[in-house]
Amino acid sequence: MSDLTKTAITPPTHTAPPARFSHGVRKGNILQVAGQVGFLPAVEGQPPTPAGPTLREQVLQTLANVRSVLEAGGATFEDVVMVRVYLTDTAHFAEFNALYDDFFAELEQPPAARTTVYVGLPAGLLVEIDALAVLG
Amino acid sequence: MSDLTKTAITPPTHTAPPARFSHGVRKGNILQVAGQVGFLPAVEGQPPTPAGPTLREQVLQTLANVRSVLEAGGATFEDVVMVRVYLTDTAHFAEFNALYDDFFAELEQPPAARTTVYVGLPAGLLVEIDALAVLG
Amino acid sequence: MSDLTKTAITPPTHTAPPARFSHGVRKGNILQVAGQVGFLPAVEGQPPTPAGPTLREQVLQTLANVRSVLEAGGATFEDVVMVRVYLTDTAHFAEFNALYDDFFAELEQPPAARTTVYVGLPAGLLVEIDALAVLG
């Protein structure tokens, strides 16, 4: 069926992925956003550069990148059922939560479920976020 | 469509989440349980307190909390297709698996898929579990 | 409805799981592959043995194991919307990506979304991968 075609999503702000995967994929009413980090909008000929150096800047850029993928796939944060947050340091949890609350307060959206885990990330990256949306 | 309304789930045993997200979300036939930890049932005016101090107590409380969210959303473990387990120590794996087996033996449920990863968690927490259910 | 029966998937190449869960579960058009590691095909009476000792061997075996579960559940990598990769060392990222690209180039499949996180794994294991598929 045509509505079960799998479509790869690449927002105009994003560079091509560094391997054979997509920033997001939609199939039927499921939209999966790949792990997003705090890279600034892509500039032709330059390597990906994270926002920063503060946690605040990286978190807001990361959330903006998740939103870009959702929107390029025809969804909004309203459609998201799960947000997975990867932090590198448990000491970032309180500040992250405050930034997250502010971001979603602006959007007036109902909350999604969330899991926060503490992992390693490539050097210079403080946060990664992926999301699962179910479109209505 | 009314059956694609997104509904946040907060079981009566749970405190309000520490940030703008929910303990679980249902949309259509998808129910996502947020990362649950081993907090005892909420007591008005007291901070969340993990069961313990043993791994056994935390694991059983965590599984009970996952079940509370499922049930508050109209689902059971029978509907779960994926369980993600986050442990802090690979040395906990064998004991965790024995507890997990016992728990699901009681429920007579067919198994769900599972991933176990070893990550950091906030101080005092030994295990976190999230789950994805597809309702029939 | 019959098409919403939950079915556990165990490919013939796999050992019985070490706890009460399945290598994969299908319910409706959702197929969830549990975390796969680089164990060689099961041999009766022998403990699970990882391919190795190189990263290349473990990665290719892990991807083959994910494919075995997908195929045993009636799906292919074409149906996968999310691949989660767990590496133990950020220094493995570049080689992993090259192997991943080669693997999917052979399959001529469109990309799925992906998240790569750096975590601990049991001794001897370098990579774990799980996947979510939506069947068409």
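Chain identifiers are assigned alphabetically (A, B, ...) following the order of the sequence lines, protein sequences preceding nucleic acid strands; residue numbering begins at 1 within each chain.
- Heavy atoms only, all atoms of each residue included: Ala8(B) and Pro111(A) are closest at CB-CG, 4.4 Å.
- For the pair Arg20(B) and Asp102(A), the salt-bridge criterion is not met [side-chain N within less than 4.0 Å of a carboxylate O].
- The part of Thr90(A) that comes within reach of chain B is its side chain, from C-beta onward, which places non-hydrogen atoms under 4.5 angstrom from that chain.
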Item to check | Trace of the side-chain contact (heavy atoms from CB on, under 4.5 Å) decision for Arg114(A) with Gln32(B) | outcome: CA-CA 9 Å; Arg114(A) 203 182 97 190; Gln32(B) 176 71 57; over 6 Å; no
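- Looking at Arg26(B), there are no atoms closer than 4.5 Å to chain A (heavy atoms on both sides), in backbone or side chain.
- Most heavy-atom pairs under 4.5 Å with chain A, from the set Pro17(B), Gly35(B), Ser22(B): that is Ser22(B).
- In this structure, the portion of Leu135(A) lying under 4.5 Å from any heavy atom of chain B is its backbone and not its side chain.
- Atom CZ of residue Phe21(B) and atom CG of residue Asn97(A) lie 6.5 Å apart, to the nearest 0.5 angstrom.
- Among the residues in residues 117-129 of chain A, those with a non-hydrogen atom closer than 4.5 angstrom to a non-hydrogen atom of chain B are Val117(A), Tyr118(A), Val119(A).
- Salt-bridge annotation for Asp79(A) and Lys27(B): present, with a side-chain N of the basic residue lying under 4.0 Å from a carboxylate O of the acidic one.
- Taking both residues in full, the closest heavy atoms of Val81(A) and Lys6(B) are given as CG1-CD, 4.3 Å, listed atom of the first, atom of the second, then distance.
- No option in Val33(B), Val25(B), Asp130(B) other than Asp130(B) meets the side-chain contact (heavy atoms from CB on, under 4.5 Å) test with Met82(A).
- Close approach to chain B, defined as a heavy atom under 4.5 Å from one of its heavy atoms, is seen in no residue of residues 54-72 of chain A.
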